[in-house]
Amino acid sequence: MPVLEGKELRIVAFLCNWCSYGGADTAGVARATQPTDLRIIRVPCSGRIDPLFILRALLNGADGVLVSGCHPNDCHYSAGNFYARRRLEVLKQFLPILGIDDRRFEYTWVSASEGARWQQVVTNFTARIHELGPAPRLEDAEPLLEMAEMALKPLRPLGTGQKAPLDELKNAIKARIKDLDVVIGWQKGDDDAHTIPLFMRSEEDVDRLVWGPFNVNNPATYVNELIGSALPLAKKKKIGLVVKGCDSKSVVELLQEKLIDKENIVLFALPCEGTFDMARIDRELGRYLKIDKVEYDEAGVTITADGKEHRFCIADYAQGKCYNCSMPLAKNADESFGDMPQITGTPVTPPELAMLDAMTLEQRFSFWKGEMDRCLRCYACRNACPMCVCRDYCIADTREPHFISQEWSVREKIYFQCIHAMHLAGRCTLCGECQRACPVGIPILALRQQIARVISQLFDNYQCGMDPEATPPLLCYQVNEEHIKQREL
Ligand code: FES
């Protein structure tokens, strides 16, 4: 019998079989009066709950989601709830960036003997959801199609990197190329205003290496496949990479996760002064038949296309990640040339994230509806991601388990992006390849940036890809978490 006034709402509850499900049973046997809005899903342990289950429920129309497991130290499988606590807290703090009120999701602990506590938890949570009312539906939201101007203030002077000691770098690569299977860098693309990856296997190849603001790809994307991480160590390939500071973080993260071995990688580095946001450059250039020339100076480039000059200052046209970059030169390179540029400011909120921070929850919800509507589900974001290492088994492609459908709806598109973001929680080095590769310019990096911010706040300023010896925070736990406080229900 409902104990709350008004229409029932849809609340999904994931309960651990060993404690909370027993607690709910105890409350039922004791005939404790409870609201009837809950639909309970029994799981073997709170550690079995993938945050994506919760997102799926919320996106599919649940008005609230409750998770309850055994009390800390009481998990039937020892530590399932400790791992779950970290994941669930990250999810809770991630929800607002999607425009979902985080009060619609809660997690708690109830033991099998705590029938009275279960009654209190379920009554209080249901009352909270009734107070919030039915959750906004994507179908009803008005798409917000205007993107606000982003505040772009770099931490250091950006430039075009034309004074970088490229010849020294080339000589160093030539000296080692015989010992390496391949060295990956950048070469001129179809014209002088674009680059493509360069796979160097001979000294002649090395001469084609270029350096500058058009070197946008992250060469670490190729590492996992090229090395052959599934092979025994002796059979693995030894490869070299020319990296910017941000690229090197992806390599460190792969080392951290033991997906590659340090013996198989040689890093060559030059100081990066910033890279162009090629989507904006191409938009500005419009349709053209031929790039006649590209002239560099310290502040930017002048591109002449079909006889018409276009001026691009790097301070105005850099990728969002470059404005907040505090590591322009790889720290852990085997061969490094040039000096670390002076960092004059302290890292601030990245521009994409700051834009979303300035919106209300409703505006963010509408914003993502408008942006994700354009998503083609081409998976370019996933394929360009250096940390997406399970491409053959990606749950976006598999039917077993069938996490996501092929339905052409904004909901499924957002869900796909949430899958990608959650799978990168505590792993994403914010290299921005996902956003750069997106052919329709959706600012999906903001989702990763929000998770990175949450991870940093919860786990002592943890930054992904900085320390090859560090354990990623969602792969470990502490019995007493300093920054995760139990919320009372
Ligand atoms: Fe209940 Fe792990 S068995 S939380």
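Every number for a ligand or one of its atoms is a count from 1 in the order of the listing. Along the sequence shown, residues carry numbers from 1. Note: hydrogens, waters and symmetry copies are ignored here, and every other heavy atom, side chains too, is used.
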Seminar exercise, completed: Listing protein N, O or S under 2.8 Å around atom 1 (Fe) of ligand 1 gives C16 SG, C70 SG
Seminar exercise, completed: Tested for side-chain contact (heavy atoms from CB on, under 4.5 Å) against I484, the lone hit among Q486, E482, E481 is E481
Seminar exercise, completed: Value for CD1 (I419) from CZ (R382), rounded to nearest 0.5 Å, stands at 10.5 Å
Problem set entry | Pairs involving residues 421-445, ordered by first then second residue, that meet ring-ring contact (aromatic ring centres under 6.0 Å, His included) (sequence neighbours left out) | none
Problem set entry | Working for side-chain contact (heavy atoms from CB on, under 4.5 Å), residues C388 and Y379 | CA-CA 11 Å; C388 256; Y379 301 146; over 6 Å; no
Exercise. For residues S250 and N218, is any side-chain donor paired with an opposing acceptor at under 3.5 Å?
Worked result: yes
Exercise. With respect to R436, which candidate in L445, V216, D277 satisfies the side-chain contact (heavy atoms from CB on, under 4.5 Å) definition?
Worked result: V216
